[in-house]
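By convention in this document, chain letters (A, B, ...) are assigned in the order of the sequence lines, proteins followed by strands, and residues within each chain are numbered from 1.
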Number of protein chains: 2
Amino acid sequence: MAAEAGVNAETLRYYERRGLLQEPPRRDSGYRAYAVDTVATVRFIKEAQKLGFTLSEVEILLHLDRGGPADCEAARALATEKLLDLESRVASLTAMHHSLEQLIATCEQPLGNRECPLIVALGGLAEGKKADLSGHGEGEGS
Amino acid sequence: MAAEAGVNAETLRYYERRGLLQEPPRRDSGYRAYAVDTVATVRFIKEAQKLGFTLSEVEILLHLDRGGPADCEAARALATEKLLDLESRVASLTAMHHSLEQLIATCEQPLGNRECPLIVALGGLAEGKKADLSGHGEGEGS
DNA sequence: CTTGACTCCGTACCGAGGTACAGGGTTTAC
DNA sequence: GTAAACCCTGTACCTCGGTACGGAGTCAAG
């Protein structure tokens, strides 16, 4: 069953501990007797993870699944929130990418006599922020 | 000094423990007497982190900074590698974004009588993978 | 009936990047 | 000269998503 869902057996137990899977009935030996559709649930979890949901959110989603239309609303809200989150992450990674490209480009610059332009540039980037000691600024640059 | 660099004092000590900052001289009281340019180093660390370098990589970069032109090459290689890494992360986030959008779109579909289309759809996504029980496939989909 | 592959349980650990706390010492401003 | 506000050390803890281990029981095949 673990193999079929593509996860370790330990992972299944972990999910059970976390409440993502509810405890399956046991055989008389104590072995877990998983319902057939548990495989689908595990795949659901994995899919949702790939879409950026945390396990806690997945848990919420799973509980929501047992509810009515109001819960469906909630599920959509959660998904929409994730979407925004993804958007901002993409934006910031893209910004990083851009900066890094520029940074690497400095390597083509004549390198004076001994300093690595890349590292110097990275240090230089930070200079801009000196004025920033007003608050406890956890600055997000862009 | 911690405030000026925008980090906790504890974080400074943490960096020192990790070897990112070398141990500063002490006043006779035992207090750390940071050199003026340590602030710049800390900002460098923070900048590099923002660009996706891990602290271990930053450490390498800092050591590289003391070296010659060969080390400069190495720094550029590291940066280039990071760039590729960023590219793939952006790609995968973008893919997630796309899927999530489509998923949310299913919410507009008529919802039968009681099932949340979003959750049903997420479950449905996983179906495609049933054939995948050949190896121990830790599948990377896309 | 034995052997090997599975499963059980509980607990501890990984890595990354810190944060928190306790129990002191020091500095600085009033 | 005293009180607040900083700094020191060391250790423990946090989140996240699992993985590993040990000692025992169980299942299926030969």
Next item on the list: Take B:Asn8 and B:Tyr14, measure what side chain to side chain contact (heavy atoms under 4.5 Å, CB included) needs, and give me the verdict at the end.
Entry: CA-CA 10 Å; B:Asn8 282 354; B:Tyr14 173 65; over 6 Å; no
Next item on the list: Please state whether the phosphate of D:dG18, meaning OP1 or OP2, lies under 4.0 angstrom from any side-chain nitrogen or oxygen of A:Lys46.
Entry: yes
Notebook entry, point to check: Is there a donor and acceptor pair closer than 3.5 Å between the side chain of B:Tyr31 and the base of C:dG25?
Noted result: yes
Item checked: Euclidean distance, atom CG of residue B:Asn8 to atom P of D:dC13 [Å, nearest integer] -> 20 Å
Margin query: Any base atoms under 4.0 Å from A:Arg32, or only sugar-phosphate, or nothing? Heavy atoms, all strands.
Written below: sugar-phosphate
Next item on the list: Please state how far atom CZ in A:Arg17 lies from atom P in D:dC16, giving the value in whole angstrom units.
Entry: 16 Å
Check: So among B:Leu62, B:Leu64, B:Val58, which one has a side-chain contact (heavy atoms from CB on, under 4.5 Å) with B:Ile60?
Finding: B:Leu64
Check: A:Gln49 side chain N/O closer than 4.0 Å to the phosphate oxygens (OP1, OP2) of D:dG18?
Finding: yes
Note to self: Nearest whole Å is fine: how far is C:dA16 P from B:Tyr14 OH?
What the structure shows: 9 Å
Checklist line | Sugar-phosphate, base or nothing in reach of A:Arg26, heavy atoms under 4.0 Å | finding: sugar-phosphate
Checklist line | d(CD, B:Glu16; P, C:dT19) in whole Å | finding: 16 Å
Check: Are OP1 or OP2 of D:dG25 and a side-chain N or O of A:Ser29 less than 4.0 angstrom apart?
Finding: no
Notebook entry, point to check: More 5' along DNA chain C: B:Leu55 or B:Gly30, using each one's nearest nucleotide?
Noted result: B:Leu55
Checklist line | Options C:dC8, D:dG17, C:dG17, nucleotide nearest the side-chain atoms of A:Arg13 | finding: C:dC8
Check: Between B:Thr54 and B:Glu10, who's closer to the 5' end of DNA chain C by nearest nucleotide?
Finding: B:Thr54
Check: Within less than 4.0 Å of OP1 or OP2 of C:dT19, is there a side-chain N or O belonging to B:Thr11?
Finding: yes
Notebook entry, point to check: Going from CD1 on B:Ile45 to CD on B:Glu59, what distance comes out if it is rounded to the nearest 0.5 angstrom?
Noted result: 9.5 Å
Checklist line | Spacing between B:Leu12 atom CG and D:dT9 atom P, to the nearest angstrom | finding: 12 Å
Checklist line | B:Tyr15 OH - C:dG17 C1' separation (whole Å) | finding: 8 Å
Check: How close or far is atom P of D:dA5 from atom CE of B:Met1, stated in whole angstroms?
Finding: 23 Å
Checklist line | B:Arg13 and B:Glu16 ion-paired at < 4.0 Å | finding: no
Note to self: Output the rounded distance in Å from CD (B:Glu4) to C1' (D:dC6).
What the structure shows: 16 Å
Notebook entry, point to check: Which part of the nucleic acid does A:Ser56 contact within heavy-atom distance under 4.0 Å: base, sugar-phosphate only, or nothing?
Noted result: nothing
Check: Okay, side chain of A:Glu57, backbone of A:Thr54: is any donor-acceptor separation there less than 3.5 Å?
Finding: yes
